[in-house]
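Below is one structure, written out as structure tokens, with a few remarks after it.
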There are 2 protein chains.
Amino acid sequence: MWHCQAVTSANIAGAVRQGSLRELNLAVVLGRIAAADRPPSRAAIAADTGLTRATVSAVVDDLIAGRLVAEVDPEPRTGAGRPARGLRLAADGPAGLGLEINVDYLAACVVDLTGTVRHHEVCRADLRPVSPTEALARLVELAGRARAAADRLGITLAGATLAVPGLVDAHGLVRLAPNLGWRDVDVPALLAGHPPLTGTVDGVPALTVDNEANLAALGELHAVPGTSSFLHVSGEIGIGAGIVLDGTLFRGARGWSGELGHVPVDPAGPGCRCGGRGCLETYAGQEAILGAAGLSGADLPADTAARRLADLAAAGDPATRAALRAAGTALGVAVAGVVNLLDLDTVVLGGGYATLARWLRPPVATELTARVLTAAWSPVSVRAAALGAESAVVGGAGAVVRQIVARPSGWLGRRQ
Amino acid sequence: MWHCQAVTSANIAGAVRQGSLRELNLAVVLGRIAAADRPPSRAAIAADTGLTRATVSAVVDDLIAGRLVAEVDPEPRTGAGRPARGLRLAADGPAGLGLEINVDYLAACVVDLTGTVRHHEVCRADLRPVSPTEALARLVELAGRARAAADRLGITLAGATLAVPGLVDAHGLVRLAPNLGWRDVDVPALLAGHPPLTGTVDGVPALTVDNEANLAALGELHAVPGTSSFLHVSGEIGIGAGIVLDGTLFRGARGWSGELGHVPVDPAGPGCRCGGRGCLETYAGQEAILGAAGLSGADLPADTAARRLADLAAAGDPATRAALRAAGTALGVAVAGVVNLLDLDTVVLGGGYATLARWLRPPVATELTARVLTAAWSPVSVRAAALGAESAVVGGAGAVVRQIVARPSGWLGRRQ
DNA sequence: CCCTATTTGTTCAGTGATTGGATTAAAGGG
DNA sequence: CCCTTTAATCCAATCACTGAACAAATAGGG
């Protein structure tokens with residue numbers, strides 16, 4: 001967990017001022033506490049990091065004063081010596097608010113510093129016929145209830161992340177969300193007037209908007225310790241991918257990476273709405289699978305569609321099984337290219353694919369074994385997303401708290 | 001957005017000791033001097049970085065004492081005030097030795113801190129029938145001459161990088177170099193006994209072995225300022241790719257990224273030696289192009305093959321032109337997938353493709369325009385490699401000096 | 001020609017954070 | 001009960017940056 005241990009200093013290429021020293025060590029020590037599987041002692045952190053025990057004590061004092069870290073009773077331990085006081089992330093410290101707008105549901109959740117989901121609410125509704133303004137109004141309601149829940153739990157929300165199924169630019173403008181029918185929707189502007197989600201708090205925007213597939217990948221990274229590099233494939237109506245490398249989400253030059261749906265699978269294949277031919281989406285997108293299975297699912301909500309297919313496949317429907325096998329093969333071909341190019345060792349099937357993983361996994365794995373160069377001496381593992389459809393909300397909320405863990409000085413210096 | 005952007009720091013997860021402050025500021029100041037287009041003054045650096053002039057002066061003194069930076073006469077400047085003394089990278093400081101073993105040549109070059117190539121030697125010979133031991137023996141000769149040249153020029157070699165057309169692991173073991181016929185060749189072990197290329201100097205290995213496509217991409221990054229994110233496609237017998245993002249080479253989870261040649265282009269296409277079907281290599285690899293052009297080029301040295309094709313195409317040979325158009329289309333299809341996935345804005349045609357760029361560029365650009373989602377509002381540029389076939393050697397030598405610029409403390413603390 | 005404004009680079013006391021050693025705290029073992 | 005062991009803290013010393021004052025070098029104006 002908490003692989004995002006990169007030290008994000010205030011000024012990347014900028015100068016390293018005197019205070020940066022403490023700033024960096026706060027991050028280092030907090031990072032160790034977060035990464036440890038059992039509450040470490042100050043002495044253990046000192047031995048681990050190479051810092052002096054004196055320094056670690058001073059740093060930890062700051063962290064405790066800022067409610068980021070709490071002391072726990074010493075573990076029963078064998079051997080002589082004064083027992084250590086364990087350190088762990090505080091459960092009553094800052095928490096993150098995750099929000100999601102998708103085609104057929106709205107969701108909100110609160111995740112605390114330890115990564116625990118403290119509140120979770122999903123509101124099913126077909127959002128396609130609804131205007132962005134109306135959708136965001138409903139979202140604000142959900143966010144209000146989440147905030148009330150956080151108040152009752154005695155935790156403070158430090159920020160919020162909104163997951164959207166589309167291309168988002170650096171300012172929170174949703175350039176294009178085809179399946180929602182959104183185009184150039186300026187979310188921050190539409191939310192002006194809803195204080196908790198507006199403006200900046202100590203220089204950090206109160207709400208960040210991000211692509212759903214990216215956040216889902218972060219959620220998986222968070223939820224499954226051990227894998228720090230993987231490709232998270234999110235199969236909905238479109239097919240998005242989140243690429244995580246060494247615990248860092250890879251966003252591309254302009255932040256629009258992950259368009260796996262339009263990787264060509266067969267240059268002579270059927271035309272795609274993107275203008276190309278034979279894109280993966282025309283083989284393994286939701287509509288393609290539904291069509292091949294003999295269902296005309298244009299009017300089905302996305303989540304329902306995946307479940308319907310899973311039910312039919314489980315019942316042994318041959319057309320559905322064939323459709324899933326074909327989709328899995330196409331997916332495997334496309335993913336094999338990515339794995340060859342990026343040298344990944346794990347592929348996670350998420351979104352709607354998580355529901356269908358039982359039938360998609362075999363053909364995907366077959367193609368990977370056949371096509372990946374390094375598969376012979378280091379096989380590629382394929383698994384379903386652990387969080388399933390909740391990856392994106394939880395990942396968004398988790399991103400907020402992980403940001404704090406990565407740069408605690410921002411939170412500590414907040415109310416000077 | 002931009003939550004988890006990686007940060008380049010000397011010690012990512014490590015503790016920040018007291019000396020790290022100076023260590024980091026040495027890197028910051030030297031980085032500014034290296035990045036500036038005209039020699040900046042101490043005062044300009046201070047204003048730029050936010051450091052005090054006093055601090056910058058102290059740091060610069062260290063850099064000058066370590067022969068990394070030199071003062072130059074002030075530029076003729078208008079306006080009042082004491083004239084500034086300009087700072088630039090020292091040309092007589094440490095330099096990098098680049099070495100390359102390829103199918104039909106050996107090469108060595110010396111690049112100084114400023115990025116200038118101070119020595120360059122290419123030795124053409126078909127290396128396929130030669131044993132690894134013999135090939136490395138010849139390489140040592142070349143390296144010796146390069147070292148002698150460096151001595152004459154009064155510069156010290158700080159390290160060496162060897163470019164190899166194959167998969168290399170972290171210890172310099174060449175796992176597989178199919179076109180050389182190498183398999184599990186332990187380069188450092190075979191070079192034991194040749195002092196300048198053996199062992200470690202101050203903890204840094206004297207020789208690093210890396211993939212040719214990776215180093216070529218680094219060379220291009222170095223040579224063409226302005227593009228910091230691109231895909232460098234290196235077309236030889238195999239097709240390798242170097243991915244550069246924000247000025248950083250992307251190596252993949254285990255360092256074996258870039259196998260573009262086995263990205264599937266048509267799942268029903270001809271079988272490939274990798275075991276898959278319809279890999280890019282079977283359409284745009286050198287042998288495929290030669291075959292389509294009606295040449296049986298199995299015995300042609302790689303470089304010669306590209307030149308022969310270029311000559312025939314220039315002469316108007318229709319079969320060759322059609323072959324190149326088909327290869328370019330396949331290349332465009334594969335690259336479009338990569339660009340969609342990683343959100344890149346520049347594609348560089350390198351290696352043998354550099355020679356053929358005039359004919360490959362149009363079909364590649366056509367496919368990209370048709371298939372890349374974001375092409376409509378931000379076109380992808382396609383260009384030939386600036387360094388052509390020398391990218392890899394120069395890139396390897398450049399990697400050595402850039403390593404010093406990125407972490408000058410290693411060089412400064414070398415002979416304490 | 002001299003004087004002033006202006007910009008550059010250096011010197012020096014001051015401060016913040018880490019260091020290393022000594023000290024106190026809290027157990028277990030003989 | 002004393003000694004050993006490990007944990008955490010205290011304190012003087014050190015290192016690097018800060019801020020301000022100062023010296024150096026030049027252009028421009030009277």
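We name chains A, B, ... by the order of the sequence lines, and we start the count at 1 in each one.
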For [N] and [X] - does any side-chain N or O of the residue sit under 4.0 Å from the phosphate oxygens OP1/OP2?
X: B:Asn25; N: D:dC17; answer: yes
X: B:Arg22; N: D:dC15; answer: no
X: A:Ser57; N: D:dT9; answer: yes

Between B:Arg67 (side chain) and B:Ala91 (backbone), is there a donor-acceptor pair under 3.5 Å?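 Looks like no, no N/O pair under 3.5 Å.
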
Show your reasoning for whether side-chain contact (heavy atoms from CB on, under 4.5 Å) applies to B:Ile45 and B:Ile33. CA-CA 8 Å; B:Ile45 295 173; B:Ile33 294 173; 3.7 Å; yes

Which residues share a salt bridge (charged side-chain N to carboxylate O under 4.0 Å, His left out) with A:Asp151, sequence neighbours left out: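 None.
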
Please give, in whole Å, the distance from [N] [atom2] to [X] [atom1]?
X: B:Leu412; N: D:dA16; atom1: CG; atom2: P; value: 13 Å
X: A:Arg42; N: D:dA7; atom1: CZ; atom2: P; value: 12 Å
X: B:Leu24; N: C:dT18; atom1: CG; atom2: C1'; value: 15 Å
X: A:Ile45; N: D:dT6; atom1: CD1; atom2: P; value: 19 Å
X: B:Asp62; N: C:dG9; atom1: CG; atom2: P; value: 17 Å
X: B:Leu63; N: D:dA16; atom1: CG; atom2: C1'; value: 15 Å
X: A:Leu87; N: D:dA7; atom1: CG; atom2: P; value: 12 Å
X: A:Leu26; N: C:dA17; atom1: CG; atom2: P; value: 10 Å

For the side chain of B:Ala84, counting heavy atoms from C-beta on, which of C:dT8, C:dT18, D:dA8 is nearest?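 Nearest to the side-chain atoms of B:Ala84, counting from C-beta on, is C:dT8.
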
Of all the nucleotides listed (C:dT10, C:dT18, D:dA7), which has the minimum atom distance to the side chain of A:Ala43?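 Within the option list, the nearest is D:dA7.
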
Carboxylate-amine/guanidinium contact A:Arg118 A:Asp92, below 4.0 Å: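 The answer is no: the pair does not qualify as a salt bridge.
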
How would you summarise protein contacts on nucleotides 19-27 of chain C per nucleotide, using B for base, S for sugar-phosphate only and - for none, with heavy-atom distances below 4.0 Å? BB----BBB

We want to know whether A:Asp112 and A:Thr114 form a side-chain donor-acceptor pair, criterion being a heavy-atom distance below 3.5 angstrom.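 Short answer, yes.
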
From A:Leu63 CG over to A:Leu87 CG, what is the distance, rounded to the nearest 0.5 angstrom?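 Interatomic distance, A:Leu63 CG to A:Leu87 CG, rounded to 0.5 Å: 9.0 Å.
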
Residues A:Arg407, A:Glu23; criterion side-chain contact (heavy atoms from CB on, under 4.5 Å); working and verdict: CA-CA 8 Å; A:Arg407 208 173 70 78; A:Glu23 201 168 305; 3.9 Å; yes

